[in-house]
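The block underneath contains the structure these notes are about, expressed in structure tokens.
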Amino acid sequence: MKDIIKDMKDERNALLKKLAQYSSAIRGSITSVCAKCSRANCICDKRTPRKAYRLTYKDRRQKTRIVYIPRSRLPEIKRMIANYSKSRKIMEQLIETNIQIFKNGDKS
């Protein structure tokens, strides 16, 4: 029984180390919108409008927030969103491991 708990604790420690790799994470989604200035008779009206990117997410109070993403930082924000997804899966595994440790009667 103690060996099983020790193995589960080792698994938990491994999951915690894995989780630390994804500390740079953001929850949300990226949307692209047409960016057009508001000046009258601007060249924007004659040409295809350029794209602007936004991150949309919900804060603690479930209020929708929008953050502008510069085109140069788009790959970075995509990686952070992917990190959130990976860290969430690891967190689910961590919870399952902790439940198993609890069920087997370890008090630490």
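These numbers were taken from a predicted model, which means no experiment stands behind them.
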### Message
Tell me whether Arg27 contacts the main-chain N or O of Ser85 through its side chain, where contact means a donor paired with an acceptor under 3.5 Å.
### Response
no
Glu76 meets the salt bridge (charged side-chain N to carboxylate O under 4.0 Å, His left out) criterion, sequence neighbours left out, with Arg73
Point-to-point distance, once rounded to the nearest 0.5 Å, from [atom1] of [X] to [atom2] of [Y]:
| X | Y | atom1 | atom2 | answer |
| --- | --- | --- | --- | --- |
| Asp59 | Thr64 | CG | OG1 | 8.0 Å |
| Leu94 | Lys18 | CG | NZ | 11.5 Å |
| Gln21 | Leu19 | CD | CG | 9.0 Å |

By side-chain contact (heavy atoms from CB on, under 4.5 Å), Lys86 pairs with (sequence neighbours left out) Tyr22
Sorted by chain and residue number, the side-chain contact (heavy atoms from CB on, under 4.5 Å) partners of Leu74 (sequence neighbours excluded) come out as Ile30, Tyr53, Ile69, Ile77, Lys78
Of Asn98, Asp7, Thr97, the one forming a side-chain hydrogen bond (donor to acceptor under 3.5 Å, both in side chains) with Arg12 is Asn98
Item to complete: Measure the shortest side-chain to side-chain distance between Tyr57 and Val67 over non-hydrogen atoms and say whether it is less than 4.5 angstrom.
Response: yes
**Message:** Does any part of the side chain of Arg54, heavy atoms only, come nearer than 4.5 Å to the side chain of Val33, both counted from C-beta?
**Reply:** yes
Are Met80 and Leu55 grouped together when hydrophobic residues (ILVMFWY) are joined by side-chain heavy atoms under 4.5 angstrom apart? yes
Determine, step by step, whether Thr56 and Arg65 satisfy the side chain to side chain contact (heavy atoms under 4.5 Å, CB included) criterion, reporting the C-alpha distance in whole Å, the side-chain angles of both residues, the deciding distance to 0.1 Å, and the verdict. CA-CA 6 Å; Thr56 305; Arg65 301 288 182 176; over 6 Å; no
The single option from Leu16, Leu15, Ile95 that satisfies side-chain contact (heavy atoms from CB on, under 4.5 Å) with Ile90 is Leu15
In short, Ser24 meets Asn83 closest at the heavy-atom pair O-ND2, 3.0 Å
| Checking side chain to side chain contact (heavy atoms under 4.5 Å, CB included) for the pair Lys6/Met8: CA distance, chi angles, key distance, verdict? | CA-CA 5 Å; Lys6 183 186 179 315; Met8 284 189 274; over 6 Å; no
